[in-house]
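In what follows, a structure is listed as structure tokens, so that the remarks can point back to it.
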Amino acid sequence: MRTALVCLAVVFAGSTPLHAQAFGPAPDAATEREILALREQAWRTWFANDRAGFERVVPDELIALGWDGGEWGDRARTVAEMAGFAESGMTLSALEFPRNVLQQYGDAVVLYTRFRLVLTDREGAAHEITGRGTEIFVRRDGRWIHTGWHLDRVAN
């Protein structure tokens with residue numbers, strides 16, 4: 001028992017906080033910039049109801065798990081939800097990604113993220129949403145595409 005306690009003490013004494021640990025095979029700086037720009041484009045085209053722009057970066061095989069639960073979505077469903085958001089009269093006022101951790105495995109990158117956005121309704125009221133996500137990117141035919149995500153809401 002004493003040996004186990006000593007081992008645990010050594011492990012915890014030498015451990016670093018999660019935010020300071022290495023997270024595995026990180027992409028190079030150019031790939032990271034490309035992935036973050038692509039993610040930004042996917043989110044902004046969705047909120048702008050820019051179907052053509054969205055479909056350029058999100059392929060047919062998309063699997064999307066949104067922050068409100070419900071059914072899993074594919075690209076057609078996600079595009080329909082995009083149009084529904086536009087019809088609601090809500091607009092995107094702010095979009096931030098305060099934390100990002102990327103792991104690259106060959107032609108796939110997993111992005112773990114925190115997000116904050118502010119939506120403004122027709123009456124001008126602002127609605128803040130904060131959450132976290134896991135987003136998947138795949139390099140196909142020499143370019144990155146955004147093949148899936150799982151989002152959830154969390155308090156600030």
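Residue numbers run from 1 in the order of the sequence given.
Partners of Arg51 under the salt bridge (Lys or Arg N to Asp or Glu O under 4.0 Å) rule, at least two apart in sequence or in another chain, are Glu55. Every residue meeting the side chain to side chain donor-acceptor pair (under 3.5 Å) condition with Glu128, not counting sequence neighbours, appears here in chain and number order: Arg116, Asn156. Considering only residues two or more places apart in sequence or on other chains, Ala52 meets the side chain to side chain contact (heavy atoms under 4.5 Å, CB included) condition with Asp50, Arg56. Annotation: side chain to side chain contact (heavy atoms under 4.5 Å, CB included) contacts of Glu40 (sequence neighbours excluded): Arg44, Leu95, Phe97. For Arg153, the side chain to side chain donor-acceptor pair (under 3.5 Å) partners at least two apart in sequence or on another chain are Asp68. In this structure, the side chain to side chain donor-acceptor pair (under 3.5 Å) partners of Asp107, at least two apart in sequence or on a different chain, are Arg139. With sequence neighbours left out, Phe115 forms a ring-ring contact (aromatic ring centres under 6.0 Å, His included) with Trp43, Trp67. Applying the salt bridge (Lys or Arg N to Asp or Glu O under 4.0 Å) test to Asp152 and every residue at least two apart in sequence or in another chain returns Arg132. Legend: residues meeting side chain to side chain donor-acceptor pair (under 3.5 Å) with His150, ordered by chain and number and at least two apart, are absent.
Taken from NE2 in His146 to CG in Leu111, the straight-line distance is 7.5 Å, to the nearest 0.5 Å. How far CG of Leu38 is from CZ of Arg143: 8.0 Å, rounded to the nearest 0.5 Å. With values rounded to the nearest 0.5 angstrom, Leu119 atom CG is found 4.5 Å from Ile129 atom CD1. Note: Thr147 OG1 to Arg140 CZ = 8.0 Å, rounded to the nearest 0.5 Å. Expressed to the nearest 0.5 Å, how far CD1 of Ile35 lies from CZ of Arg33 amounts to 12.0 Å.
The shortest heavy-atom contact between Ala155 and Thr130 is C-OG1, 3.6 Å. Contact between Phe85 and Thr91 at its shortest, heavy atoms only, is CZ-N, 4.2 Å. Between Val58 and Ala42, the shortest heavy-atom contact is CG2-CB, 4.3 Å. Counting all heavy atoms, side chain and backbone alike, Val79 lies closest to Phe54 at CG2-CD2, 4.0 Å. The shortest heavy-atom contact between Pro98 and Arg114 is CD-O, 3.2 Å.
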Let's go through Val110 and Ile136 carefully: what are the C-alpha distance in whole Å and the side-chain angles of both, what is the deciding distance for side chain to side chain contact (heavy atoms under 4.5 Å, CB included) to 0.1 Å, and is it a yes or a no? CA-CA 5 Å; Val110 180; Ile136 312 300; 4.1 Å; yes
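Under a 3.5 Å cut-off, the side chain of Thr113 and the backbone N or O of Arg99 do form a donor-acceptor pair. A donor-acceptor pair under 3.5 Å is formed between the side chain of Trp46 and the backbone N or O of Thr78.
Summarising the local packing, CD1 of Ile63 is surrounded by 12 or fewer heavy atoms from other residues, nucleotides or ligands at distances under 6.0 Å.
Here the side chains of Glu61 and Ile145 are in contact, with some heavy-atom distance below 4.5 Å. Side-chain contact between Trp149 and Arg39: absent, with no pair of heavy atoms (C-beta onward) separated by less than 4.5 Å.
Taking Ile, Leu, Val, Met, Phe, Trp and Tyr as hydrophobic and joining them when side-chain heavy atoms fall under 4.5 Å apart, one finds Val118 isolated, its cluster having no other members. Annotation for Val154: hydrophobic cluster partners, listed by chain and number, are none (ILVMFWY side-chain heavy atoms under 4.5 Å, direct or chained).
Follow the hydrophobic side-chain contacts under 4.5 Å out from Leu65 and you never reach Met82; the two are in separate clusters.
For residues 72-94, every residue pair satisfying the salt bridge (charged side-chain N to carboxylate O under 4.0 Å, His left out) rule, not counting sequence neighbours, is listed here: Asp60-Arg75, Arg77-Glu81.
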